[in-house]
Amino acid sequence: MTEDGMPRELISREVLDRRVGELADEIERDYADSEELLCVGVLKGSVFFMSDLLQRLSRPLVVDFFQTSSYRGETTSPGEVRIRRDLDHSLAGRDVLLIEDIVDTGYTMRTIMALMGFRGARSVRLCVLLDKACKRETPVQIHYRGFEVDDVFVVGYGLDYDDRYRNLPYIGVLEEPGASE
Ligand code: IMP
């Protein structure tokens with residue numbers, strides 16, 4: 001924390017903006033021949049990143065969202081993921097770009113990507129802002145990656161601790177989550 005009680009800055013707004021622009025350029029190039037892209041955000045963490053990313057794309061696209069919950073209690077298997085809000089659109093025959101804030105153990109994205117393939121998507125690619133690769137427990141193929149981060153708890157630019165800090169305009173490190181509770 002800084003002296004004014006805010007999380008210490010890890011990735012500045014300027015660096016975020018530059019990288020989001022680079023990712024958008026890559027996506028625009030890769031999908032040049034695709035008819036219409038279905039962009040699926042994972043609520044709530046991806047919202048700020050997704051908004052900035054998609055405003056930089058000029059190709060035709062459709063926006064959709066879903067929300068998951070992960071359970072890591074003793075009564076559930078490790079990495080069990082449940083869908084709390086499903087998509088509005090059908091995936092059959094669509095090119096899907098999945099947009100997520102951070103991949104940690106990888107269970108959430110592994111489950112969701114498998115589900116999208118199962119529902120008949122023509123292609124599924126994953127775009128994540130932050131990759132906590134050191135925490136991975138199951139492999140996930142990331143097609144577009146903003147930054148790799150160490151094993152620290154990050155907040156801001158959509159990422160939260162207990163639904164707080166999402167509106168910070170930068171990525172910060174919460175040194176001791178829960179310490180101020
Ligand atoms: P995974 O299934 O372990 O990959 O979980 C990914 C989810 O964990 C993300 O969508 C976030 O909601 C949450 N998460 C993991 N690490 C962090 C962090 O450092 N800050 C905020 N949320 C995190």
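Everything quoted here is computed from the prediction, not taken from an experiment. Both ligands and their constituent atoms are indexed starting at 1 by order of listing. For the single chain, residues carry numbers from 1 onward in sequence order.
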- Side chain Asp64, main chain Asp88, donor-acceptor under 3.5 Å: yes
- Message: Please classify the Glu100 to ligand 1 contact at 4.0 Å (heavy-atom distances, strictly less than): side chain, backbone, both or neither.
- Response: side chain
- Item | Backbone or side-chain N or O of Val103 under 3.5 Å from ligand 1 N or O | no
- Query: Counting from 1, what ligand 1 atoms have a heavy atom of Val152 closer than 4.0 Å?
  - Reply: 19 (O)
- Message: Do Asp101 and Ser46 pair up side chain to side chain, a donor and an acceptor below 3.5 Å, judged on atom types alone?
- Response: no
- Task: List every atom of ligand 1 that sits less than 4.0 Å from any heavy atom of Asp160, numbering the atoms from 1 in the order shown and giving each element.
- Result: 21 (C)
- Message: Quick one: does any side-chain atom of His143 pair with a main-chain N or O of Leu126 as donor and acceptor, under 3.5 Å?
- Response: yes
- Task: Check each atom of ligand 1 against the heavy atoms of Lys132 and keep those under 4.0 Å away; list them by number with element.
- Result: 16 (N), 17 (C), 18 (C), 19 (O)
- Query: Quick one: does Arg59's side chain have a donor or acceptor within less than 3.5 Å of a partner on Ser34's backbone?
  - Reply: yes
- Query: What atoms of ligand 1 come within less than 4.0 Å of a heavy atom belonging to Gly106?
  - Reply: 1 (P), 3 (O), 4 (O)
- Would you verify whether the NZ or CZ of Arg136 falls within 45 degrees of the ring axis of Tyr107 while also being under 6.0 Å from that six-membered ring's centre? no
- Query: Any donor and acceptor pair, going by atom type alone, linking the side chain of Ser51 with main-chain N or O of Val47 inside 3.5 Å?
  - Reply: no
- Message: Donor-acceptor check, side chain of Asp150 to backbone of Val152, threshold 3.5 angstrom: yes or no?
- Response: no
- Looking at Asp101, which atoms of ligand 1 are within less than 4.0 Å of one of its heavy atoms? 9 (C), 10 (O)
- Test of proximity, Phe153 against ligand 1: N or O pairs below 3.5 Å: no
- Atoms in ligand 1 with a heavy atom of Thr108 nearer than 4.0 Å: 1 (P), 2 (O), 5 (O)
